Amino acid sequence: LKSLSDRALGIKPSATIAMDSRAKELMAQGVPIISLGAGEPDFSTPETIKNDAIAAIHGNKTRYTLPSGILELKEAVCSELKNRHHLHYDPAQIIISSGAKHGISNALSVLINPGDEVLIPSPCWVTYPELVKYYGGTPVLVPTHQSAGFKLRAKDLEGYITSATKLLILNNPNNPTGSTLNFAELAPIAELILEHDLWCVSDEIYEYICYQPQSLRSIAAFSPEMQQRTLIISGVSKAFAMTGWRIGYSASAPEVALAIARTQGQTTHHPANISQYAALSALSGNRETVTQMVNAFKARRDYAIASLQDIPGLLASIPEGAFYLFLNIQEFLNQAGALNFKNSVELCDYLLSSHHLALIPGEGFGAPGYIRLSYACSDANLKTGINRLKTALNLIKSNAS
Ligand SMILES: Cc1ncc(COP(=O)(O)O)c(C=O)c1O
């Protein structure tokens, strides 16, 4: 047989999905795994949203829609962008995609030419570098630092811009670090983007899950010029506990939106009609359940940070958004004795096999020496999981001494 495409062979599996799948396999075999690995809320989709989706089925919303999505949902997205970010968009500039991930894939597919360099602040979500490579671009990882709360600063970016740089992928709040950039912190980054004539793909999927007193503003709101060169990506997956419904969206300049609609029309066509009605219900309903979930996440974050402080040598920054802690475990690597792990992958393997705890190694996010803990899980699981982590890390240290 002739070989598969280089593109397909070059794509790495997602580290998050790989660990999640292993944890699920073990659970299916009856192993009492606690997973603090998953990147999805443990809450169920709110009842009104489910009921509106059932009504959509009975109302025969079961046929094809426009490739760009149903008009009512695009209008609801425009209202959302106006209310949250004071940004004006026409529904024709909104494309409804199969989750934010698909929105990012669409955005990169219309922007990247072979050889284009794409700036990705690191640690970063596992998918960005793989998608950039998939579309023929070169990912350029720009380190951010724990000492600065993993916040991207213009001075971090500047040295990585070359004549081949086409765009920046901004993730605000960030997965895996939970760092967020407020409007003042975004301003110098926007200035740099304008100065170097770059595009910006702004992944704002965690925008609602933010613990700062003021809600986040998109970098697109910096100026009309910035709005024109920004592709905002967001969706309902995380904030409305709707990961499985697969609805995301992009908001971009009219000519960019047309290119995305053409691409989507020839590839997936559109996300499920019924799911689009569920997302419409989410965006047009009240936000009580979102507030309740965000409050619960904040309480879990505070609990996790307080409990982890008891582990000497473990460094955790306090994240202002998303539902992850990114833990610096360098003190627990390369220890003397039997429990000697060279990297986070080995440590996470040990946690899974010997302590039945699933966490994601930092390598998948471009950050060896770190592990990601998701607190989007029940309070009971979080407590048990953190206790298991404490036991394991204490054991590593006592073995070494
Ligand atoms: C940073 C980031 N962007 C996008 C997504 C994907 O969102 P969706 O489930 O809507 O495709 C995720 C999911 O983990 C994410 O962490």
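The shown structure was predicted, so the numbers you read here are calculated from the model rather than taken from an experiment. Side chains included, hydrogens not; waters and symmetry mates left out as well; all remaining heavy atoms used. Whatever order the structure lists them in is the order used to number ligands and atoms, beginning at 1.
- Relative ring orientation between Tyr324 and Tyr206 is described as perpendicular, the plane-to-plane angle rising above 60° on a 0-90° scale split at 30° and 60°.
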Table of N or O contacts for ligand 1, cutoff 3.5 Å:
| from | atom 1 | to | atom 2 | distance (Å) |
| --- | --- | --- | --- | --- |
| ligand 1 | 3 (N) | Asp203 | OD2 | 2.6 |
| ligand 1 | 9 (O) | Ser237 | OG | 3.3 |
| ligand 1 | 9 (O) | Arg246 | NH1 | 2.9 |
| ligand 1 | 10 (O) | Ala100 | N | 2.8 |
| ligand 1 | 10 (O) | Ser237 | OG | 2.6 |
| ligand 1 | 11 (O) | Ala100 | N | 3.1 |
| ligand 1 | 11 (O) | Lys101 | N | 2.9 |
| ligand 1 | 11 (O) | Arg246 | NH2 | 2.8 |
| ligand 1 | 14 (O) | Lys238 | NZ | 2.7 |
| ligand 1 | 16 (O) | Asn175 | ND2 | 2.7 |
| ligand 1 | 16 (O) | Tyr206 | OH | 2.7 |

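- Residues Ser14 and Val126 come closest through the heavy atom pair OG-CG2, 3.9 Å.
- Checked by atom type and distance alone, the side chain of Ser374 never pairs as donor or acceptor with a backbone atom of Leu36 at under 3.5 Å.
- For Tyr208 and Phe240, the distance between ring centers is under 6.0 angstrom.
- With hydrogens and angles disregarded, no donor-acceptor distance shorter than 3.5 Å links the side chain of Gln276 to the backbone of Ile247.
- Residue pairs meeting the salt bridge (charged side-chain N to carboxylate O under 4.0 Å, His left out) criterion with at least one member in residues 311-338, sequence neighbours excluded: Lys151-Glu320, Glu331-Lys397.
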